[in-house]
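Here the structure is laid out as structure tokens; the discussion comes afterwards.
We number each residue from 1, following the sequence as shown. All figures in this text were calculated on a predicted structure; none of them were measured in a lab.
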Amino acid sequence: MNELADALSPYLRQHADNPVAWRQWSPEALAEAERRDVPLLISVGYSTCHWCHVMAHESFEDATVAASMNERFVPVKVDREERPDLDAVYMQATMAITGQGGWPMTVFAFPDGTPFFAGTYFPKPHFLRLLDAVHTAWTEQREELRSQGAAIVQASAQTGPPFADITVACPLDGPCPPAPPVRTEMLDSAARALLASADRTNGGFGTAPKFPSVPSLRFLLDHYVRSGDEAALDHVRLTAERMARGGIYDQLAGGFARYSVDEAWVVPHFEKMLYDNAELLWLYARLYGEGELYARVADETAAFLLEHFSTAEGGFAAAFDADTGGVEGLTYVWTFQDLTETLGVDDAAWAAEAFGLAEGRPNFEHDANVLLLPRDPADGARLAAIRHRLLAARRGRPQPGRDDKVVAAWNGLAIAALAEYSSRTGHRDSLLAAERAAETLARLHLGEDDRLARASLGGTASEAPGVLEDYAAVALGFLRLGGAWTERAAALLEQIRGRFTDGLGGFHDTATDAEALVTRPADVHDGPTASGWALAATALLEAFQATGDETYKDDAWRAIARAEPAMSANPRFTSGLHSAAEALARIQR
């Protein structure tokens, strides 16, 4: 029987009508697999994931596929945003098996959770064959699968980042030395390596698909503050301008999509995530005095967050879907006929030129176009009027779904960004919204024991516990608000010190008393946001600056120093910790 109708996660609820007998991850689901002597089939995704929707439509809504799954497996659905710990463990296994990862993630595991095979999206014919093959192997080659699972777990455990033993330089019960935890020469080298991967034409890093990579941009800004390296600042400015003029930025309503499918920021993957918009608001707020374009985008992104992401309870929702009615981008794109019907012939021609469109050469599918802004037109008032008319017409279209769950970490980032924006602009409404969100987290997510729930929906907190990034990001948001919120931040940092430490100066992503999984993740590498490890180090430094308590600075010193080998080995994806190291270098000077 499908048990997802009562789930808190909107993503799980999307699958409540599937003929698949989905279970939520729970001891009972694992016990059922043990009792029936069948494998777990773990499917991990999230509500705004395009290929998750595709696989759901092709396979999970299909009676034949569902019958095969139900008869021979215990199917378990996981929302990666609600359970990042499960996602991290099984993504590590998927990477160990296939060399790549992504969502939807499909994992076959023993009843104790040990994975023995994994992959990502499977088309229906391939998936049916895979179900048959796994069932045959389970029935006839169980011991081989057991050996394979043990090897995968061992490989996953060994693929973690290298760490340093820092307890001689800075004993855990004593003060750290006045020397920085990493040499400034290493920070300079990391900035050079980052700039070497920079796209000097379009901004950003690497080629398609291209993500905003805000942790890397933040590091370049912090590096510039210390070193005066104009190349670092120039690349941040270039990237911010190219994104603001591209299709990744919503030229009508404001706000940023998750990434661009091309290297020039033209065609976005249309989902809009809270964490991206929070981090990008922070970036454009930092550039507020650098030019009118940056200021306008900061203003519009703040307004977009307040208008579109705010929930009735006072927090911020997780995301907007990429699809509308199963069609990606349907809400957002325009044909020339759409423009003419909405604006009339003369204004449509003017708008097409302003938005960088060429009739007969669409930049998207089915003769449709994503709006760009290659340059600011001379007639700003006409552009504003046309944007208003197009947005009004767009609001009459079917709209993408919103995932209303409130994720603690992402709300912490939003609080911090809105507080930063307000401090630079004096925008009172943004500060009030940040304070409301903080009050929502304190009321719904924070227990009397200062333990944090990962998510909530409609005023009800999830049973999923907070992970390191939740405690660190919420602490950071509280610290940015200051005043009485500093004491609440200190309580969260005490939780990190007591329950997330690895006992050697670093951190685990899950608490000591969290559910024991096949491995315990401890990752310093950034994703779309800085790693939980980097956020914790940053929050500790801000707590030191707010309170003068040297023990916070020492804990940040240890965290950075312990991660130094990983920072040296992979500067591109440890920018969050490089930023923390830059901040500590400034403090020590």
Next item on the list: To the nearest 0.5 angstrom, please state how far the CG atom of Leu541 sits from the CD1 atom of Ile560.
Entry: 5.5 Å
Item checked: Tyr249/Tyr284 aromatic ring centres below 6.0 Å -> no
Next item on the list: With Lys553 as the cation and Phe544 as the aromatic partner, state whether NZ or CZ is under 6.0 Å from the six-membered ring centre and within 45° of the axis.
Entry: yes
Next item on the list: Report the distance from atom NZ of Lys210 to atom OG of Ser260, rounding to the nearest 0.5 Å.
Entry: 7.5 Å
Next item on the list: Start with the C-alpha distance between Phe304 and Phe309, add both sets of side-chain angles, then the distance that settles ring-ring contact (aromatic ring centres under 6.0 Å, His included), and finish with yes or no.
Entry: CA-CA 7 Å; Phe304 178 78; Phe309 273 95; 5.6 Å; yes
Check: Does the pair Phe256 and Asp250 meet the rule for a side-chain contact (heavy atoms from CB on, under 4.5 Å), with working shown?
Finding: CA-CA 6 Å; Phe256 288 86; Asp250 187 337; over 6 Å; no
Check: Counting only heavy atoms not in Glu185, do more than 12 sit closer than 6.0 Å to its CD atom?
Finding: yes
Notebook entry, point to check: How about Pro571 and His578: do any of their side-chain heavy atoms sit closer than 4.5 Å?
Noted result: yes
Item checked: Test item: Thr510 side-chain N/O and Ala514 main-chain N/O as donor-acceptor pair under 3.5 Å -> no
Next item on the list: Could you tell me how the ring of Tyr46 sits relative to the ring of Trp103: parallel (under 30°), tilted (30 to 60°) or perpendicular (over 60°)?
Entry: perpendicular
Notebook entry, point to check: Under 3.5 Å, side chain of Ser579 to main-chain N/O of Phe219, donor-acceptor pair present?
Noted result: yes
Margin query: Any heavy-atom pair between the side chains of Asp188 and Arg226 that's under 4.5 Å?
Written below: yes
Check: Are the side chains of His508 and Arg499 in touch, meaning some heavy atoms are under 4.5 Å apart?
Finding: no
Notebook entry, point to check: Below 4.0 angstrom, N of the basic side chain to O of the carboxylate: do Glu469 and Arg454 qualify?
Noted result: yes
Next item on the list: Take Phe163 and Trp533, measure what ring-ring contact (aromatic ring centres under 6.0 Å, His included) needs, and give me the verdict at the end.
Entry: CA-CA 13 Å; Phe163 295 121; Trp533 191 306; 5.0 Å; yes
Item checked: Donor-acceptor contact below 3.5 Å, side chain Ser47 vs main chain Tyr11 -> no
Checklist line | Minimum side-chain heavy-atom gap Trp25-Leu86 below 4.5 Å | finding: yes
Margin query: Using the rule side-chain contact (heavy atoms from CB on, under 4.5 Å), only one of Leu493, Ile415, Thr538 pairs with Leu476; which is it?
Written below: Thr538
Next item on the list: Check Ser462 against Ala453 and note the closest heavy-atom contact, atom names and distance.
Entry: O-CB, 3.8 Å
Margin query: Could you check whether any side-chain N or O of Asp450 sits under 3.5 Å from a backbone N or O of Leu492, counting only pairs where one atom can act as donor and the other as acceptor?
Written below: no
Margin query: Do Trp557 and Gln588 make a side-chain contact, defined as non-hydrogen atoms from C-beta onward lying under 4.5 Å apart?
Written below: yes
Margin query: Tell me if a side-chain donor or acceptor on Lys272 pairs with a main-chain N or O of Asn277 at a distance below 3.5 Å.
Written below: no
Notebook entry, point to check: Are the aromatic rings of Tyr471 and Phe500 close, with centres under 6.0 Å apart?
Noted result: yes
Check: Can Asp299 and Arg296 be said to form a salt bridge (Lys or Arg N to Asp or Glu O under 4.0 Å), step by step?
Finding: CA-CA 5 Å; Asp299 292 340; Arg296 175 175 66 79; over 6 Å; no
Item checked: Between OH on residue Tyr421 and CG on residue Asp429, distance to nearest 0.5 Å -> 9.5 Å
Item checked: Close side-chain approach of Met105 to Val78, heavy-atom, < 4.5 Å -> no
Check: At what distance, to the nearest 0.5 angstrom, does CG of Asp87 lie from CD of Glu81?
Finding: 9.5 Å
Item checked: Reported OG-to-CZ distance for the pair Ser310 and Arg436, which is rounded to 0.5 angstrom -> 6.5 Å
Check: Do Pro181 and Leu584 come close enough that some side-chain heavy atom pair is under 4.5 Å?
Finding: yes
Notebook entry, point to check: When the aromatic ring centroids of His269 and Phe211 are compared, is their separation below 6.0 Å?
Noted result: no
Note to self: For Ser456 and His445: C-alpha separation, side-chain torsions, deciding distance, then whether side chain to side chain donor-acceptor pair (under 3.5 Å) applies.
What the structure shows: CA-CA 7 Å; Ser456 67; His445 289 241; 2.8 Å; yes
Item checked: Short N-O contact, Glu542 and Arg480, less than 4.0 angstrom -> yes
Margin query: Whether the side chain of Arg237 engages the backbone of Glu290 through a donor-acceptor N/O pair (distance < 3.5 Å, no angle test) should be reported.
Written below: no
Notebook entry, point to check: Between Thr440 (side chain) and Glu313 (backbone), is there a donor-acceptor pair under 3.5 Å?
Noted result: yes
Notebook entry, point to check: Do Glu494 and Arg497 sit within salt-bridge range, that is, some charged N less than 4.0 Å from a carboxylate O?
Noted result: yes
Checklist line | Heavy-atom pair with the smallest gap, counting every atom of Glu279 and Leu413 | finding: OE1-CD2, 4.1 Å
Check: Stepwise, does the side-chain contact (heavy atoms from CB on, under 4.5 Å) test hold for Val406 with Leu444?
Finding: CA-CA 10 Å; Val406 172; Leu444 297 179; over 6 Å; no
Check: What's the shortest heavy-atom distance between Ala29 and Val76, and which atoms?
Finding: CB-CG2, 4.2 Å
Next item on the list: Check the pair Leu479, Leu481 against side-chain contact (heavy atoms from CB on, under 4.5 Å), reporting the backbone distance first and the verdict last.
Entry: CA-CA 5 Å; Leu479 285 163; Leu481 289 176; over 6 Å; no
Item checked: CD1-CD distance between Ile587 and Gln545, expressed to the nearest 0.5 angstrom -> 4.0 Å
Margin query: To check you understand the geometry: which heavy-atom pair defines the closest contact between Phe205 and Ser213, and what is its length?
Written below: CD1-CB, 4.0 Å
Item checked: Derivation of the salt bridge (Lys or Arg N to Asp or Glu O under 4.0 Å) call for Arg13 and Asp79 -> CA-CA 10 Å; Arg13 291 182 187 180; Asp79 181 346; over 6 Å; no
Next item on the list: Answer yes or no: are there more than 12 heavy-atom neighbours, outside Glu463 itself, under 6.0 Å from its atom CD?
Entry: no
Checklist line | Verdict with reasoning, Glu271 to Thr48, per side chain to side chain donor-acceptor pair (under 3.5 Å) | finding: CA-CA 6 Å; Glu271 63 185 324; Thr48 59; 2.5 Å; yes
Check: Would you say Asp526's side chain and Ser575's backbone share a donor-acceptor pair under 3.5 angstrom?
Finding: yes
Checklist line | Expected output: side-chain Ser197 to main-chain Leu194 donor-acceptor under 3.5 Å | finding: yes
Margin query: Between Val474 and Arg488, is the side-chain contact (heavy atoms from CB on, under 4.5 Å) condition met? List the steps.
Written below: CA-CA 10 Å; Val474 173; Arg488 286 190 178 273; over 6 Å; no
Check: Below 4.0 angstrom, N of the basic side chain to O of the carboxylate: do Asp509 and Arg520 qualify?
Finding: no
Checklist line | N-O pairing of Arg443 and Glu439 below 4.0 Å | finding: no
Margin query: More than 12 heavy atoms of other residues, nucleotides or ligands under 6.0 Å from CD of Glu230: yes or no?
Written below: yes
Item checked: Pair Asp502 + Arg562, salt bridge at N-O below 4.0 Å -> yes
Note to self: Strictly distance-based, threshold 3.5 Å: is any side-chain N or O of Asn570 a donor or acceptor partner for the main-chain N or O of Ala566?
What the structure shows: no
Checklist line | Side-chain heavy-atom pair Thr239, Leu220 within 4.5 angstrom cut-off | finding: no
